[in-house]
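Below is one structure, written out as structure tokens; the observations come after it.
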Amino acid sequence: MISRRNIRVKVMQLLYMIEAADGTPAFKQPVGELQKQLDKSRELFVYLLYFLTEVARYAEVNARKRASRNLPTEADLNVNTKIAGNQLLWQILEDDSFKKAVEKDMPQKLIDRELVKKIYEDLTGTEQYQTYIATPSRDKNNEKEILKLIFTHLMLPNEYFITHVEELFNNWDDDAEMIDQLMMSYLQKPASFHLSQMLSEEKWIFAKTLLETVLEKKEYTTSLITPKLKNWDAERIAILDMILMRMGVCELLYFETIPTKVTINEYIDLAKEYSTAQSGQFVNGILDNIHKELTEAGKINKIQYKNKI
């Protein structure tokens, strides 16, 4: 499932697009746009998962093709198809959530079969694959690791595959890291995912509320941030840094179940990862300063919480 960190990134990206659009009609319904962005992320994830399963299943396609040759060799008649019976693969294929997602999104209409074949052939040339098929028994960890290998070492590093994905999904660049994390989590425990709804109701409320609050409180949060900039020109501050600080201030003030330490650390990390080299330290200093001021003024009130990261 999409984490709160992933949600913060999606909200941050949308706020940046809204700022860049400078009031154009494209973002008159920001919550609806956020839902569209999350839907696109789900569709991308479903496609990558479907592609992964097709690479593993290609072992049987390859075996049939080689066996049907006019003069098949002994090797043609004895292609190892162990991976096509991979236990984790079939746990995915038989999952109702996966079946419904495939029926809804129809990734089979987008898939490049020649690319599936090429990545399967790359797989058969790896040492890990040769070890996998040479082992007669099935081990849960080995079943999982061979699927991870396909995704992390053969699909993602393949420039033709990435070009193919970019042509289909214009959100790939924004979502790549999140999708990678989601795939690793999914392969660890596929039954915990509901592919038709990758956001729980609770997390959707968090996402929607965070977006709406940051937009609604823009003037107020900016008024809290600007005096702390000292020698910095507010108009010269990186747009992304300002967005992250506004988001952080909103969480400090209006999200009572999220601990202040969690909020500040999250936005420091996002600034380091998505903005400039100095942004992490800069955002840290400003948010910490505002946090102290708001605490002294009795404006931060937190209640008992469960893990809301």
Side-chain angles (χ1 to χ4, degrees), residues 2-3 5-7 9-10 12-14 16-17 20-21 26 33-62 65 83-84 86 88-89 92-93 98 101-129 132 144-188 190 193 195-196 198 240 270 273-276:
I2 293 177
S3 69
R5 177 182 172 81
N6 298 146
I7 290 170
V9 171
K10 298 302 289 184
M12 174 195 75
Q13 291 167 342
L14 180 53
Y16 184 85
M17 288 190 285
E33 185 60 34
L34 179 61
Q35 182 64 69
K36 287 180 184 177
Q37 296 296 326
L38 290 167
D39 286 343
K40 286 165 65 177
S41 298
R42 185 193 60 77
E43 290 167 9
L44 170 59
F45 181 80
V46 169
Y47 180 73
L48 294 178
L49 181 59
Y50 180 77
F51 195 102
L52 170 61
T53 65
E54 288 299 289
V55 172
R57 297 181 73 183
Y58 193 82
E60 290 185 331
V61 176
N62 182 54
K65 286 183 176 180
I83 194 169
N86 182 289
L88 178 56
L89 169 67
I92 295 168
L93 294 174
F98 178 77
V102 170
E103 183 179 353
K104 178 180 179 180
D105 297 332
M106 295 186 285
Q108 64 273 22
K109 291 190 174 182
L110 304 176
I111 203 161
D112 184 331
R113 296 291 172 186
E114 283 302 310
L115 196 50
V116 169
K117 176 184 176 183
K118 176 64 172 65
I119 291 177
Y120 168 76
E121 290 172 346
D122 291 343
L123 171 66
T124 61
T126 64
E127 181 180 345
Q128 295 95 321
Y129 182 77
Y132 172 78
K144 176 177 61 182
E145 289 304 314
I146 198 68
L147 295 188
K148 283 186 177 181
L149 175 75
I150 296 171
F151 185 73
T152 60
H153 289 76
L154 300 175
M155 289 168 59
L156 294 188
N158 187 304
E159 61 180 287
Y160 297 107
F161 176 74
I162 295 303
T163 298
H164 166 67
V165 172
E166 288 174 337
E167 289 173 351
L168 295 174
F169 300 94
N170 60 13
N171 54 315
W172 168 252
D173 284 343
D174 289 336
D175 286 357
E177 182 181 353
M178 177 182 76
I179 294 296
D180 188 12
Q181 294 171 354
L182 285 174
M183 188 64 74
M184 293 304 98
S185 297
Y186 180 88
L187 294 178
Q188 193 68 31
F193 277 66
L195 296 178
S196 60
M198 293 176 67
L240 204 53
L270 291 177
E273 186 171 349
Y274 290 94
S275 195
T276 69

_Under the criterion side-chain contact (heavy atoms from CB on, under 4.5 Å), I'd like the reasoning laid out for N86 against K144: C-alpha separation, chi angles, the key distance, then a yes or no._
CA-CA 9 Å; N86 182 289; K144 176 177 61 182; over 6 Å; no
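- Between L38 and M198 the shortest side-chain heavy-atom distance does not fall below 4.5 Å.
- Each side-chain hydrogen bond (donor to acceptor under 3.5 Å, both in side chains) pair with one or both residues in residues 152-169, not counting sequence neighbours, appears once here: Y47-H164.
- Every side-chain contact (heavy atoms from CB on, under 4.5 Å) that K118 has, sequence neighbours left out, goes to E121, D122.
- Among residue pairs with one or both ends in residues 108-117, those qualifying as salt bridge (charged side-chain N to carboxylate O under 4.0 Å, His left out) are E54-R113; sequence neighbours excluded.
- Using a distance-only test at 3.5 Å, with no hydrogens or angles considered, no donor-acceptor pair links the side chain of N62 to the main chain of A59.
- Looking at heavy atoms from C-beta onward, F98 lies out of side-chain contact with E103 at the 4.5 angstrom threshold.
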*Determine, stepwise, if the pair L48 / V165 fulfils side-chain contact (heavy atoms from CB on, under 4.5 Å).*
CA-CA 9 Å; L48 294 178; V165 172; 4.0 Å; yes
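- Every ring-ring contact (aromatic ring centres under 6.0 Å, His included) that F193 has, sequence neighbours left out, goes to Y186.
- You'll find the side chain of L52 reaches within 4.5 Å of the side chain of L187, heavy atoms only.
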Side chains of residues 174-184: which donor-acceptor pairs under 3.5 Å do they make with residues two or more places apart or in other chains?
| from | atom 1 | to | atom 2 | distance (Å) |
| --- | --- | --- | --- | --- |
| D175 | OD1 | K10 | NZ | 2.8 |
| D175 | OD2 | K10 | NZ | 3.4 |
| D175 | OD2 | S41 | OG | 2.5 |
| D175 | OD2 | N171 | ND2 | 2.9 |
| E177 | OE2 | Q181 | NE2 | 3.4 |

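- Applying the ring-ring contact (aromatic ring centres under 6.0 Å, His included) rule to F151 yields no partners; only residues at least two apart in sequence or on another chain are considered.
- No side-chain heavy atom of L240 sits under 4.5 Å from any side-chain heavy atom of L270.
- Residues passing the ring-ring contact (aromatic ring centres under 6.0 Å, His included) test with F51, sequence neighbours excluded: F161.
- With sequence neighbours left out, the side-chain hydrogen bond (donor to acceptor under 3.5 Å, both in side chains) criterion links T276 to S279.
- Within the 4.5 Å cutoff, the side chain of Y120 has no heavy atoms near those of the I150 side chain.
- Within a 6.0 Å sphere centred on OH of Y16, other residues, nucleotides and ligands contribute 12 heavy atoms or fewer.
- Counting only residues at least two apart or on different chains, the salt bridge (charged side-chain N to carboxylate O under 4.0 Å, His left out) pairs with a member in residues 34-50 are R42-D105.
- For the salt bridge (Lys or Arg N to Asp or Glu O under 4.0 Å) test, residues two or more places apart in sequence or in another chain that qualify with E273 are R5.
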